[in-house]
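In what follows, chains are A, B, ... by sequence order, proteins preceding strands, each numbered from 1. Just so you know, these numbers come straight off a predicted model, no measurement behind them. Both backbone and side-chain heavy atoms feed into the values below; hydrogens, waters and symmetry mates do not.
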2 protein chains.
Amino acid sequence: MREGPDIARIASLVGDPARANMLNALMGGTALTASELALEAGVSLPTASSHLSKLMEGGLLTLASQGRHRYYGLASAQVAGMIEAIIGVAEAVRPKRVRPGPRDAAMRVARVCYDHLAGEQAVAMLDRLFDRKLLLREDNQIRLSPAGASHFSALGIETHAKARRPVCRACLDWSVRRSHLAGTLGAAILDKIIAEKWARREKDSRAVVFSPTGRQAFERVFLS
Amino acid sequence: MREGPDIARIASLVGDPARANMLNALMGGTALTASELALEAGVSLPTASSHLSKLMEGGLLTLASQGRHRYYGLASAQVAGMIEAIIGVAEAVRPKRVRPGPRDAAMRVARVCYDHLAGEQAVAMLDRLFDRKLLLREDNQIRLSPAGASHFSALGIETHAKARRPVCRACLDWSVRRSHLAGTLGAAILDKIIAEKWARREKDSRAVVFSPTGRQAFERVFLS
DNA sequence: GGAATGCTTCGATGAGGATCGAACCATGCG
DNA sequence: CGCATGGTTCGATCCTCATCGAAGCATTCC
């Protein structure tokens, strides 16, 4: 009986430690090769390969072949959002940790969530965008206001809807437990932050570290 | 190897078909007993009990003992949100059938979500109840207005809060991606729809099919 | 008290799937 | 070409865990 989407199938794909590590590594937004992912997950290459084909068949990954390299990446922002949601629950449920390490702290402040910014900074930014009525909250959705459209356009950020991906989307933040901005606009803002060198990505981590002047610039543009 | 929150542990809890069915059943927001959940999942009572203790230990469920009954419910809205996210991916990834069968289409229009109505009809109804100020949106909750109380009372629908179950509750709709009405009021409305023979439940399915005259009556009362 | 109901624990069984070494394809390089 | 590198497939092994019947607690009803 019980028809409907096969949720157990999807969840069990994420439910294996090796696969979970791979997906977690891919949350950084860059596509990785099978060997990199094997290393990341701590399994042998054949094992990793087997997992990867399962994830592919499950529709969670995309594959881009380039010469003899094969780059695996998350299939969609929706998949990334799902993983964030699972991380959020795992985080909430986790037995009280001794103390969050320094890397954890940086992750809480700002990190990459697939292709957009997450963490305290990102949550604060979304709040501020609502306050300034650049974005409007509608039911469970987020919409760009006319004022917002011209504002972002002036910053050199395009806000036209392309393909089927929404411009604005709320994404629940596991560290802050409130929403931050995803969608093409969220991605474009992160692009700008990196392009302007306001912040750089920490090596081998999802953490995003702002420079002192970069932080000022970011706050001036998005938190003022 | 990165040691973040144990996402595999959480995902694997959802990754078993029996447990997934239980969680899915609990998405309605009502707490259920172990035997009801066993039936829902199609497993024996001992098996269900074993799954339930695992879900409890994983922090996904809460337990309320009342006499010899033990009511299991989702631990938090965060857990519900995670399950919704997984459903969303499963839905998006589901192998496109040649064409959505008639039953699938019917499911999208109207279906039972444990004990209340879901689908396009249900989402439209909730919108309309807000428009008419019979229900009020408060924070993330839904409250019955005085006007609403007398309105439903006139229809022969009792709206007194009984036990611990809320009268109104929002439930996210996987097909429409917006909220519909759950809670005792949602259940009572579905009861009325069936009692008035405006619609009947499709055998062995969650689909709810309105008769032509039944649809008119429903629209007059709830969508006008 | 005793019987009935609701649920959990125990024990035995079985199946699925994660794992790795070795062998096998494919691409690029000299 | 032949060799090296990146990746997948195959086969065998092993272990976890889902499952259910039977027995054991707990609570309520008569």
Enquirer: Check the distance between D:dG7's P and A:Met22's CE and give it to me in whole angstrom.
Expert: 12 Å

Enquirer: Measuring to OP1 and OP2 of D:dG7, would you say a side-chain N or O of A:Tyr71 lies under 4.0 angstrom away?
Expert: no

Enquirer: Can you find a heavy atom in the side chain of B:Leu135 that is under 4.5 Å from one in the side chain of B:Leu185?
Expert: yes

Enquirer: Take the protein atom CD of B:Glu36 and the nucleotide atom C1' of C:dT5, then report the distance between them rounded to whole Å.
Expert: 14 Å

Enquirer: Are the side chains of B:Gln121 and B:Arg215 in touch, meaning some heavy atoms are under 4.5 Å apart?
Expert: yes

Enquirer: Tell me: CG of B:Leu32 to P of C:dC7, nearest whole Å?
Expert: 11 Å

Enquirer: Any side-chain to backbone donor/acceptor pair from A:Arg201 onto A:Val208? Under 3.5 Å, distance only.
Expert: no

Enquirer: Return the value, rounded to whole Å, for the distance between atom NE2 of A:His69 and atom C1' of D:dA4.
Expert: 13 Å

Enquirer: In terms of the angle between their ring planes, are B:Phe218 and B:Phe222 parallel, tilted or perpendicular, with boundaries placed at 30° and 60°?
Expert: tilted

Enquirer: Write out a two-atom table: protein N or O, nucleotide N or O from nucleotides 17-22 of chain C, distance below 3.5 Å.
Expert:
residue: C:dA18; atom: OP2; partner: A:Arg19; partner atom: NH1; Å: 3.3
residue: C:dA18; atom: OP2; partner: A:Lys54; partner atom: NZ; Å: 3.0
residue: C:dA18; atom: O5'; partner: A:Asp16; partner atom: OD1; Å: 3.4
residue: C:dT19; atom: OP2; partner: A:His51; partner atom: NE2; Å: 2.4
residue: C:dC20; atom: OP2; partner: A:Ser44; partner atom: N; Å: 3.1
residue: C:dC20; atom: OP2; partner: A:Ser44; partner atom: OG; Å: 3.1
residue: C:dC20; atom: OP2; partner: A:Thr47; partner atom: OG1; Å: 2.7

Enquirer: Just wondering, do B:His51 and B:Asp16 contact through their side chains at under 4.5 Å, heavy atoms?
Expert: yes

Enquirer: Compare the minimum distances between each of D:dG7, C:dG6, C:dT9 and the side chain of A:Ala34, then state the nucleotide with the smallest one.
Expert: D:dG7

Enquirer: Report the distance from atom CG of B:Asn21 to atom P of D:dT19, rounded to the nearest whole Å.
Expert: 10 Å

Enquirer: Just checking, any donor-acceptor pair under 3.5 angstrom between side chains of B:Ser44 and B:Thr47?
Expert: yes

Enquirer: A:Leu52 has an atom CG; how far is it from atom C1' of D:dT9, in whole Å?
Expert: 14 Å

Enquirer: Ignoring backbone atoms, establish whether A:Arg70 has a side-chain N or O less than 4.0 Å from OP1 or OP2 of D:dT8.
Expert: yes

Enquirer: Strictly below 4.0 Å: does A:Tyr72 bring a side-chain N or O up to OP1 or OP2 of D:dG6?
Expert: no

Enquirer: Would you kindly give the CE-to-C1' distance between B:Met56 and C:dT8, to the nearest whole Å?
Expert: 13 Å

Enquirer: When you compare the protein's N or O atoms with those of nucleotides 28-30 of chain C, which come within less than 3.5 Å of each other, and at what distance?
Expert:
none

Enquirer: Measure across B:Ala20 and A:Ile7 and return the closest heavy-atom pair with its distance rounded to 0.1 Å.
Expert: CB-CG1, 4.0 Å

Enquirer: Mind checking A:Thr33 for me? I need base, sugar-phosphate or nothing, with any heavy atom below 4.0 Å counting as a touch.
Expert: sugar-phosphate

Enquirer: Checking the side chain of A:Glu84 only, and the main-chain atoms of A:Cys113 only, is there a donor and an acceptor separated by less than 3.5 Å?
Expert: no

Enquirer: Could you check whether any side-chain heavy atom of A:Ile189 comes within less than 4.5 Å of a side-chain heavy atom of A:Met125, counting everything from C-beta outward?
Expert: yes

